[in-house]
Amino acid sequence: MDTLPSPPAPAPRRAFLAPGLYALAAVLMAGGLVLPLFRAVHTLSQVQAGALAVITTSAWSTSFQVTTDESLDRPGAPFGVPIIVTMVLLVAAAGLLIARRRPGAWLGQLGTVFAAGVVLTIEMYGLGQGASEQFDRVDLTTELGMWLLIGGTLVAAAAAVVAHRTGATHTENWADPAVAYADTETPPSGFAVPGEVTITVVPPDRPAR
């Protein structure tokens with residue numbers, strides 16, 4: 001009868017850190033679906049002295065308003081579609097990591113790269129509005145929705161780093177039985193009984209021929 005030390009219990013905080021960050025990133029990016037992304041104020045001195053045109057861009061539409069006239073909404077670039085795809089990837093990665101499924105790590109990395117591409121595309125679109133030469137002056141403002149998208153991308157990148165380091169540490173320690181069998185009730189050479197005592201099963205000797 002051999003006595004082995006009890007395997008260390010897995011740290012719950014570290015195990016749920018990466019999934020929690022991925023979930024937080026998805027929540028932040030959800031704000032970009034409902035909040036304005038850019039607000040551009042154009043000076044229309046060639047039309048009327050002091051006239052202004054305010055263009056507000058969101059994930060689903062673009063709003064035009066000239067001085068005191070009523071605003072006009074029209075469909076804009078469908079940025080909401082890739083944002084939703086990014087959120088689905090991040091949420092799926094969080095769920096797989098919680099379930100300790102191997103695809104969760106690379107799915108989170110894919111979602112992070114996709115989020116960076118979406119944010120970069122939207123940012124270039126907004127900068128294009130600010131660089132328009134059709135107006136005398138353009139004042140471009142980055143709104144809260146865009147900042148939430150940027151923040152969500154940064155949080156997703158941090159989650160990808162944490163998930164990668166956690167996976168690398170788990171792989172390095174896999175040769176240690178105390179770590180490899182930390183999530184199981186049966187040690188590598190026997191079965192556990194109460195009192196931290198392990199009974200080792202030894203195969204019977206073969207009779208000599």
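For the single chain, residues carry numbers from 1 onward in sequence order. Both backbone and side-chain heavy atoms feed into the values below; hydrogens, waters and symmetry mates do not. Keep in mind that this is a model prediction, so the values were computed, not measured.
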Aromatic contact, Phe38 with Tyr125 (centres under 6.0 Å): no

Hydrophobic clustering (ILVMFWY, side-chain heavy atoms < 4.5 Å, transitive) - are [Y] and [X] grouped together?
X	Y	result
Tyr22	Val161	no
Ile84	Leu24	yes
Val119	Val113	no
Leu37	Val27	no

Could you report the tightest heavy-atom contact between [X] and [Y], atom names first, then the distance?
X	Y	value
Ala23	Ala94	N-CB, 4.3 Å
Ala18	Leu97	CB-CD1, 4.1 Å
Ser58	Phe79	O-CD1, 4.2 Å
Gly104	Leu96	CA-CB, 3.6 Å
Ala26	Val91	CB-CG2, 3.7 Å
Ile83	Met29	CG2-O, 3.6 Å

Side chain proximity check, Glu123 to Leu127, heavy atoms < 4.5 angstrom: yes

Within-4.5 Å side-chain heavy-atom neighbours: Arg39 and Ile55: no

Qualifying ring-ring contact (aromatic ring centres under 6.0 Å, His included) pairs, either residue in residues 90-116, two or more places apart: none

Stepwise side-chain contact (heavy atoms from CB on, under 4.5 Å) test for Thr56 and Thr62: CA-CA 6 Å; Thr56 304; Thr62 302; over 6 Å; no

N/O donor-acceptor pair under 3.5 Å between Trp60 side chain and Gly80 backbone: no

Interatomic spacing from CG in Leu28 to CE in Met87 - rounded to 0.5 Å: 10.0 Å

Gap between atom CE of Met146 and atom CD1 of Ile122 - 0.5 Å precision: 5.5 Å

Pairing residues for Thr112 by the side chain to side chain donor-acceptor pair (under 3.5 Å) criterion, not counting sequence neighbours: none

Counting only pairs under 3.5 Å, give me each side-chain donor-acceptor contact of residues 147-157, with atom names and distances, residues two or more places apart or in other chains.
from   : atom 1 : to     : atom 2 : distance (Å)
Trp147 : NE1    : Thr142 : O      : 3.2
Thr153 : OG1    : Leu149 : O      : 2.9

